[in-house]
Amino acid sequence: MDTAKPMSYFDQVQEAASYLRSKLGTFRPRVGMILGSGLGDAAEGIADPVLIPYSEIPHFPQSTVEGHTGRIIAGSMGGAPVLVMQGRVHFYEGYTPQQVTFPLRVLGAMGLGAVVLTNAAGAISPDYRLGELVLLTDHINMMGWNPAVGPNEPRFAVRPRAGLRFFDMSEPYSPWIRGLAKDIANTEGFDLSEGVYVAVSGPSFETPAEIRAFRTLGATLVGMSTVPETIVARHMGMEVLAISCVTNQAAGLSSTPLSHEEVFKTGQLVRSRLRRLLEQLAPGITALLEANL
Ligand code: HPA
C-alpha cells in the first residue's frame, strides 16, 4: 500500500518555482505579467527570450482556450528583466480556485514584487470605446468564490506583514503603479481611463438584466478573470496593476450577440499600444520596487 502523503499545495508551488529557477539561472526578475485573451503578442518585444511551455512546469495548469498560448517568456522588456505568462487558466475551464491562482503563487515564490494583469473585458459603461485600455481602480467579486478559502499558508508572503488569514483589500490596485502607467500613456499620447471590474465565473456571457444590476452596483467593466489573481497577489503582499482591454459592449448595450471571435479580434487591435505601455512599465516598476526596498 502506498502510504506517501500527497504533496501539499505549498510544496507544489515550490517545486514549480524551483523548476523555473533551474531554467533561468541567475536571471532575477522583479516584475511578472499575465497576458489575457488575444493580448499575448504584447510579449513580442522581449529581448533574449527563454520560452518555457506550461506543460513542462511541474503542477502547472494548462490553458484550453483559443487565444491563450500557454507559456512563460523570461527575458528583458524595455531593459528590465520580466517573467511574462502568455495565457492563463480560468474557473470556467473546470479548474479549481487553487489551480486558477497557482501561477500567481509561483510568481510570489520566485520573489517577484509586482504583477501586471491584463484581460479582455466587456464595457458596462457607455463611455468606453472598443479597443480602449482601462486601468482598474477596484473590483467586485461576483465569481461566488474566493481563492484564499482554505487553510491559511503564511509562507506564501513575499514581504513582512503579508500572508495573513484576513488581509486588507482596501487598495487592491497599486496607486503608485497606476500613476506610472498614466504618465507613460500621457507621454505616448493615448488615453488610459479608469474603471471598476466585476468578475463573473462564465462561461456564459451575462444577461442584459445582470449587466444592468452590475452597473447599479458601480461596475464599469465585466470579465471572467483577474480578480482571483489580484486576491492571491494581495494575500502575498505583491503590488498589482490590472489593465482591461475593452473588446465589446456588455450584453444588452449593442444589437449584436457576443462572441469569443469579437473579443479576440478587438484584442489584436490594441496590441501595439499595450506593448508600448508594458515596455515602459517593466523598467519603471522595477526601479520603483528597488527604490522602495
Ligand atoms: N463579459 C464577460 N467576459 C468578457 C466579456 C464580456 O462581455 N468580454 C470579454 N470578456
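Residue numbers count from 1 along this sequence. All ligand and atom numbering here is 1-based and tracks the order in the structure. Just the heavy atoms: all of them, side chains too, but no hydrogens, waters or symmetry mates, feed the values below.
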**Prompt:** Considering only heavy atoms of E206, which atoms of ligand 1 have at least one such atom less than 4.0 Å away?
**Reply:** 1 (N), 2 (C), 6 (C), 7 (O)
**Asked** Considering only heavy atoms of A120, which atoms of ligand 1 have at least one such atom less than 4.0 Å away?
**Response** 9 (C), 10 (N)
**Prompt:** With sequence neighbours left out, which residue pairs that include part of residues 100-112 fulfil the side chain to side chain donor-acceptor pair (under 3.5 Å) condition?
**Reply:** R105-H235
Ligand 1-proximal atoms of [X], by part, heavy-atom distance under 4.0 Å:
X: A121; answer: backbone
X: N248; answer: side chain
X: T247; answer: side chain

**Asked** Is the closest N or O pair between F205 and ligand 1 shorter than 3.5 Å?
**Response** no
**Prompt:** Quick check: does any side chain N or O of Y54 sit under 3.5 Å from a backbone N or O of G87, one acting as donor and the other as acceptor?
**Reply:** yes
**Message:** Looking at E229 and R88, is any side-chain nitrogen of the basic one under 4.0 Å from a carboxylate oxygen of the acidic one?
**Reply:** yes
**Prompt:** Would R234 and D168 pass as an ion pair if we require N to O under 4.0 Å?
**Reply:** no
**Request:** Apply side-chain hydrogen bond (donor to acceptor under 3.5 Å, both in side chains) to T226 and list each qualifying residue two or more places apart in sequence or on a separate chain.
**Result:** N119
